[in-house]
Each structure stands twice: as C-alpha cells, then as structure tokens.
Amino acid sequence: MHHHLLQSLRLCATGGNPFSCKALHARILKIGLDQHGPLPNTLIYMYAKRGLLKDALQVFDDMRQRDLVSWASILTAYNRANLPNRSISIFPDMFGRDSLQPDHFVFASLVNSCAALNALQIGRQVHAQFVLSEFSSDDITKSSLVDMYAKCGSLDNARAVFDTICTKNSVSWTAIISGYAKAGRKSESVKLLRDMKVQDLFSWTALISGLIQSGHFVSAFHLFVEMQKEGIKIIDPFILSSVIGASANLAAQELGKQVHCLVLKLGFESNLYVCNTLIDMYAKCSDIIAAKTVFLYTVEKDVISWTSIIVGLAQHGKAKEALSLYNDMISCGIKPNKVTFVGLIYACSHVGLVNKGCDLFKSMVDDYGLKPNLQHYTCLLDLYSRSGYLDEAENLLNTMPFEVDEAVWASLLSACKRFGKTQMGIRIANRLMGLGVKDPSSYILLSNAYAGASMWENVAKVRRLMEAIDVKKEPGYSCVHLGKETEVFYAGETGHPMKNEMQVLLKDLDEEMRKRGYVPDVSFVLHDMGKKEKENQLFWHSERLAVAYGLLNGVPGSVIRVVKNLRVCGDCHTVLKFICSIVGREIVVRDASRFHHFKDGRCSCSDFW
DNA sequence: GTAGGGTTAG
C-alpha cells in the first residue's frame with residue numbers, strides 16, 4: 001500500500017495536473033496515513049516540486065514529528081519558490097521547536113538560500129557550522145559553498161573550498177568556472193575548463209555565459225565555436241540565449257542572425273528566453289522590424305517580451321508604437337514592472353509627451369505600487385528638460401530622494417544651453433563644479449556655459465582644472481557593419497588603405513553641406529587650438545570615417561549601420577543629418593546611449609542625446 | 001524519501 005502511494009506521489013511530483021496532487025493527498029488523509037512513515041515528507045517533496053508552496057507548508061506545519069528530511073524539503077521548497085529569506089528565518093526553529101541538528105542536506109539548502117540572497121555574512125556562519133559538524137566532508141555541500149562564495153564575489157573563498165573537494169564532479173567544476181568567468185577572470189576560467197576531464201554542456205555554458213556577463217563578448221564567441229567543434233551537443237537553449245545576448249551587445253547583426261538560424265535548426269525557436277533575447281538582439285542591432293516579427297511570433301509573451309519590444313521601440317524613437325503596445329500589454333493581463341516604466345517614460349521624453357510621461361510615472365506608483373528608482377527620476381527629468389520645462393526639471397532635481405551623479409547634472413546643463421537659459425546654466429554649472437567632474441564631455445559643457453555668459457575667468461578655471469586632473473578621453477571609435485564584414489575606425493585615423501577615397505568623398509560632402517548652410521560647431525572640440533584646426537579635428541571623427549567607408553563599400557541603397565563606443569559628437573550629428581539627405585541613404589548609428597536613425601535630413605532622437 | 005552547477009528586458 002505504501003509503496004503504491006509513494007510511487008504515485010513521486011509521479012505526481014514530475015507530471016500530471018495539480019488536481020491529481022490534491023486528490024492523492026485527500027486519499028492519504030482519508031485512509032489516515034498522512035502522518036505515516038515517509039508519506040508526509042514525500043507530500044512536501046511533491047508540492048515543492050510542483051511549486052505549490054502553501055500546500056507544502058501546510059503538510060509541514062501539520063506534521064506531528066518533523067525530521068531532517070522534512071526540514072531539508074521545506075527549505076528547498078522555499079528556495080524553489082524564490083523565497084530564500086524565508087528559509088533563513090525559519091531555520092532557527094529546527095533547533096528550538098524540533099531539537100534537531102542540521103545534516104548535509106539541510107546545510108546544502110541553507111547555503112543555497114545564502115547564495116540567492118547574496119548574504120555572505122550568513123553564508124560564512126553556515127559554513128562555520130558545517131565545518132564543525134560531523135558532515136564536514138560532504139562534497140555536495142562544498143559544491144554549494146563554492147557557488148555561494150562565487151555568487152557573493154568572494155572568489156578566493158570559493159577557490160579555497162573548491163580545492164578541498166575530494167571527488168570533484170561536473171557540478172563542482174561548473175560552479176568554480178562560472179565564478180571566475182562572471183568575475184571577468186578570463187584566462188583562469190578558460191584554464192579551469194581545460195583542466196576538467198570531461199567537459200559537458202553545463203560547464204561550457206557556465207564559461208561562455210559568465211564571460212558574456214563580464215563583457216568578454218568576442219572571446220565568448222570563439223569559445224562557442226570551439227565548443228561545437230569539440231562535438232558538445234546543444235541539447236537545451238541556455239547557451240543560445242546567452243550568445244544571442246552577446247550579439248546584441250556587439251550590435252553584430254550578422255552574428256545574431258547566424259545564431260538565430262542555429263536556434264531554428266536545433267528547434268528552440270519557441271523557448272521564451274530565446275525569443276526574448278532575439279527581440280532585444282534585433283532591436284539593439286537596429287533592426288526593429290525583425291524585433292517586432294519575433295515578438296509577434298512569441299506565443300506566450302511575458303513581461304520581459306513586452307518590455308523588450310517597448311524599450312526597443314522607445315530607443316528607436318517610435319514612441320507612439322511603444323505606448324500603443326503598452327495598452328495591448330495591459331489588455332493581455334500582463335503586469336508592467338519597473339523596467340517597463342523606464343521604457344515608457346523614455347519613449348514619452350523622446351516625443352515631448354510631457355503629460356503622458358508624468359501620468360505614467362504616477363500610475364507606476366499609484367496603480368502598480370512600484371517605488372521609483374534613480375533611473376525613473378532621470379527619465380522624468382529628461383522628459384521635462386527635453387521639452388523645455390527647465391524650472392520643473394531643476395525643481396525635481398532638488399527634491400528627488402536620490403543623490404544624482406554627474407551625468408544627470410550634465411544633461412540638465414546641456415538642456416539649458418539648448419533652450420538658451422544662460423542664468424540657470426550658470427547655476428547648474430556651479431553645482432556641477434562643486435561636485436567634481438570626471439567626464440570630458442562635462443568639461444565641454446561647463447566651458448561652453450561660462451563662455452556663453454562671457455565669464456572668461458571661469459572658462460579659464462575649467463581649462464586649468466581639466467589640465468590639472470589630466471582628463472583622459474577614451475579614444476572614440478566607430479564600427480561600420482557591411483554584411484559579414486566589419487571595419488573599425490578610430491578618430492583621426494590616417495593609416496587606412498582607403499584614406500584618400502574617403503577624404504575626397506568627405507570633402508565633396510563638406511562642400512555640398514556648406515552650400516546647404518552647414519557651419520561646423522567647434523565648441524565640441526575639447527582641445528585648445530585654432531578654429532581651422534578644430535574644424536580639421538571634427539572632419540576626422542570616427543563616425544564620419546565609418547559612414548564614408550560605408551558609402552564607398554556598402555551595397556548601394558542599403559542602410560548604413562554604425563556602432564560608436566562614445567556618444568555621437570554634436571557636430572557629427574548635424575553632419576550626418578546633412579549627409580543622409582545628400583546621398584539619399586538611411587544611416588543608423590548606435591552610440592553609447594541611444595540609437596540615431598538619420599533619414600531625409602532628420603534624426604529619430606529629435607536632436608537630444 | 002531529502003541535496004549541488006548554466007539562459008531574458010533598464
């Protein structure tokens with residue numbers, strides 16, 4: 001009888017409908033076996049596995065005699081239900097109410113809770129208890145400890161525990177590899193993988209995903225190719241969503257498309273994670289149409305699918321579509337979260353929908369109980385300042401419950417310049433000076449603000465400050481993607497084999513632009529030099545070189561796609577608006593903060609960036 | 001009968 005019931009419970013844990021779980025539980029209650037032998041613990045296990053935490057708890061609380069198995073099961077249930085803090089808080093009851101000492105199962109679960117909570121201090125305490133216990137040689141708990149220390153950023157501790165594991169298996173290796181890779185310690189993580197005797201998809205995924213999380217996108221791709229050459233079969237989609245994410249970060253559309261093909265070939269196109277990363281990837285590669293197509297074909301869209309497309313549309317200046325999709329999302333019964341509202345307010349700020357943006361901000365708090373973070377305030381501030389509501393913006397800046405950074409002040413200062421608010425500009429500039437400035441572009445803003453008010457002493461002061469702390473501008477570079485090939489240009493680069501052709505083309509364009517009213521805005525040049533020299537500096541900015549190369553080598557009529565590491569320079573922005581209409585081509589630039597679709601003499605960012 | 005590692009949006 002028991003065996004039959006136990007077997008049914010275990011079956012229910014992995015399949016069938018929730019109703020059959022309850023029916024089985026009812027039958028056990030009816031025949032009075034609910035406190036009998038292994039049955040109550042197996043009930044907890046079943047409910048936990050099915051994500052029915054309340055029912056698991058009910059059984060746990062009703063048990064006359066809980067043992068270590070009950071405890072281990074309920075802690076796992078909390079962890080599964082994403083409530084690791086509950087594990088930590090009920091744990092002391094194990095000593096008090098039930099007079100039990102933890103075993104290795106309980107230790108492993110607790111360590112897991114600490115890992116999920118990033119609770120290094122508690123984790124250390126659990127580790128200490130584990131070391132003092134009679135289970136201190138348990139390798140599985142040690143694997144959990146490796147994972148916990150790695151996730152809490154304490155790599156040396158992770159390594160120390162890892163070295164004490166007697167029989168290292170795939171899980172222990174994967175935990176330590178993941179730790180090193182996520183911390184960006186590339187060579188060490190790769191070496192660890194090579195030291196492993198039998199590598200599997202898990203360990204490769206840990207390495208590649210970890211490196212992607214720490215920004216080593218290109219290395220990750222090389223390893224992904226190597227993994228496939230090694231004959232590792234991709235039997236689940238985890239690694240695919242990671243690699244698609246890397247393509248998005250590189251804005252490498254061709255690469256992303258190739259991985260998309262692999263997804264189709266392997267049959268993972270209906271996996272939600274894969275769909276969500278594909279939507280984001282196409283949006284980040286400036287192919288918003290492809291992003292929308294994937295979105296439409298995503299069957300069970302969740303809040304991340306909706307948010308990804310809303311944010312994508314917003315970043316491409318398609319605010320109306322983003323807002324309309326938000327309405328669809330609500331109609332579908334999907335609840336927006338903080339990220340969704342970042343995208344929505346951002347969308348509003350791009351098209352000057354000030355009231356709509358404020359309403360959304362209010363709705364986030366009042367209707368969805370979400371507490372705005374710094375990013376929401378920054379978006380709101382942007383919304384005001386882009387539309388010229390500078391007093392409101394300054395007021396918000398002075399009353400918001402966050403310390404704001406240099407970038408926020410700088411953005412308001414640039415709005416002052418744009419709307420000719422000289423006095424406010426000086427006020428903001430003084431605040432910014434007091435804050436201590438690091439970003440080179442802030443110095444340009446400051447210098448221009450003081451120069452605009454003829455405050456030459458302050459201009460000189462900014463310059464002295466700049467020299468004193470030796471502001472180093474990160475070298476600007478732009479990539480242009482032409483089919484499968486990518487060409488990289490650095491500002492002022494003169495050694496390129498096609499330099500002469502590019503120079504001739506840019507000269508011709510410059511002539512035509514000047515006929516149409518272009519005047520170079522040398523205020524964007526940081527260095528102290530004459531006007532002609534400054535103009536010459538601008539002429540060799542990397543985004544222009546990339547566009548020139550694209551015009552010379554790309555398929556006629558095709559969209560020119562450029563990715564820049566820094567923000568587009570203001571003068572280049574004007575130039576690209578001229579160029580797109582002179583040559584009748586669409587130019588898309590993804591810079592460090594947003595997308596610019598240049599078409600018919602205009603840009604999708606409405607000249608704010 | 002219970003435990004450990006790898007994926008998505010700002």
Side-chain angles (χ1 to χ4, degrees), chain A residues 2 6-7 9-10 13 37-46 48-49 67-77 79 103-112 115 135 138-148 150-151 165 169-179 181-182 200-210 212-213 236-246 248 268 271-281 283-284 291 298 302-312 314-315 336-346 373-376 378-379:
Chain A
H2 292 183
L6 275 174
Q7 213 168 8
L9 284 171
R10 261 178 250 134
L39 284 172
N41 284 339
T42 314
L43 275 165
I44 298 175
Y45 166 76
M46 172 191 74
K49 196 113 191 167
D67 60 12
L68 285 168
V69 177
S70 340
W71 274 95
S73 309
I74 204 67
L75 294 178
T76 308
N79 288 345
D103 65 0
H104 48 307
F105 290 100
V106 172
F107 277 126
S109 272
L110 277 176
V111 172
N112 240 349
F135 304 97
D138 179 55
D139 282 346
I140 290 175
T141 305
K142 287 183 192 169
S143 285
S144 304
L145 282 165
V146 171
D147 179 54
M148 186 273 291
K151 285 199 173 121
I165 298 178
N169 62 12
S170 171
V171 178
S172 20
W173 282 100
T174 303
I176 193 74
I177 289 172
S178 171
K182 280 182 190 160
D200 58 11
L201 182 61
F202 262 77
S203 47
W204 278 100
T205 305
L207 176 68
I208 292 170
S209 304
I212 290 169
Q213 279 174 44
D236 63 42
F238 284 70
I239 198 160
L240 296 170
S241 26
S242 278
V243 171
I244 295 165
F268 292 118
N271 176 271
L272 188 55
Y273 281 84
V274 169
C275 289
N276 290 350
T277 38
L278 281 171
I279 295 168
D280 182 54
M281 182 275 288
K284 290 217 166 81
T298 303
D302 67 358
V303 63
I304 296 184
S305 330
W306 286 96
T307 303
S308 301
I309 192 70
I310 286 173
V311 169
Q315 288 178 329
N337 64 20
K338 289 188 177 196
V339 188
T340 321
F341 281 103
V342 170
L344 290 168
I345 302 170
Y346 186 87
N373 59 27
L374 176 59
Q375 214 181 353
H376 296 109
T378 310
C379 283

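Order of the sequence lines fixes the chain letters, A, B, ..., with proteins taken first and strands second; residue numbering starts at 1 for each chain. Just the heavy atoms: all of them, side chains too, but no hydrogens, waters or symmetry mates, feed the values below.
The side chain of Asn112(A) contributes an N or O atom lying less than 4.0 Å from OP1 or OP2 of dG4(B). For dT7(B), one of the phosphate oxygens OP1 or OP2 lies less than 4.0 angstrom from a side-chain nitrogen or oxygen of Gln213(A).
The nucleotide whose nearest atom lies closest to any side-chain atom of Asp280(A) is, among dT8(B), dG5(B), dA9(B), dA9(B). The side chain of Asn337(A) sits closest to dA9(B) out of dG10(B), dA9(B), dT7(B). You'll find that the side chain of Ala206(A) is closest to dG6(B), out of dG6(B), dG1(B), dA9(B). Checking dA3(B), dA9(B), dT7(B) against the side-chain heavy atoms of Thr76(A) singles out dA3(B) as nearest. Distance from the side chain of Asp147(A) is smallest for dG5(B) among the nucleotides dT2(B), dA3(B), dG5(B). The nucleotide whose nearest atom lies closest to any side-chain atom of Thr277(A) is, among dG6(B), dG5(B), dT8(B), dT8(B).
Across all strands shown, Asp200(A) has heavy atoms under 4.0 Å from base atoms, whether or not it also approaches the sugar-phosphate. Residue Leu278(A) is classed as having no contact, given no heavy-atom separation below 4.0 Å to the nucleic acid. Across all strands shown, Lys151(A) has heavy atoms under 4.0 Å from sugar-phosphate atoms exclusively, and none from any base. Tyr45(A) comes within contact range of the sugar-phosphate backbone alone, with a heavy-atom separation under 4.0 Å but no base atom that close. Contacts of Thr340(A) with the nucleic acid, taken as non-hydrogen atoms under 4.0 Å apart, are absent. Using a 4.0 Å heavy-atom cutoff across all strands shown, Ser308(A) reaches sugar-phosphate atoms only and no base atom.
Per the geometry, CD1 belonging to Ile279(A) stands 12 Å off P belonging to dA9(B), to the nearest Å. Rounded to a whole Å, the NZ atom of Lys284(A) is 8 Å from the C1' atom of dG10(B). Atom CD1 in Ile208(A) sits roughly 12 Å away from atom P in dT7(B) (whole-Å rounding). Taking atom CE of Met281(A) as the reference point, atom P of dG10(B) lies 14 Å away to the nearest angstrom. When rounded to the nearest whole Å, the span between CD1 of Ile176(A) and C1' of dG6(B) equals 15 Å. When rounded to the nearest whole Å, the span between CG of Asp236(A) and C1' of dT8(B) equals 15 Å. Met46(A) has its CE atom 13 Å from the P atom of dT2(B), to the nearest Å. In this structure, CD1 of Ile212(A) is placed 10 Å from P of dT7(B), rounded to the nearest angstrom.
A donor atom on one side chain and an acceptor atom on the other are found under 3.5 Å apart for Ser203(A) and Asp200(A). Asp67(A) and Ser70(A) share a donor-acceptor pair across their side chains, judged by distance under 3.5 Å alone. Thr340(A) and Asn337(A) form a side-chain donor-acceptor contact under 3.5 Å, judged by distance and modelled atom types alone. For Ser241(A) and Thr277(A), the side-chain atoms include no donor-acceptor pair closer than 3.5 Å.
Asn276(A) places no side-chain N or O within 3.5 Å of a backbone atom of Ile279(A) that could act as its donor or acceptor partner. Looking only at distances, no side-chain donor or acceptor of Asp147(A) sits under 3.5 Å from a matching main-chain atom of Ala150(A).
Side-chain atoms of Ser241(A) come within donor-acceptor range of the base of dT7(B), with a qualifying N/O pair under 3.5 Å. No hydrogens or angles were tested; on distance alone, a donor-acceptor pair under 3.5 Å links the side chain of Asn169(A) to the base of dG4(B). Counting distance only, with no hydrogens placed and no angle test, the side-chain atoms of Thr174(A) and the base atoms of dG5(B) include a donor-acceptor pair under 3.5 Å. The base of dG6(B) lies outside donor-acceptor range of the side chain of Ser209(A), with no N or O pair under 3.5 Å.
With sequence neighbours left out, Tyr346(A) forms a side-chain contact (heavy atoms from CB on, under 4.5 Å) with Ala314(A), Gln315(A), His350(A), Cys379(A), Arg594(A).
Lacking a ring centre under 5.5 Å from that of the base six-membered ring together with a plane angle below 30°, Phe105(A) does not count as stacked on dA3(B). Lacking a ring centre under 5.5 Å from that of the base six-membered ring together with a plane angle below 30°, Trp204(A) does not count as stacked on dG6(B).
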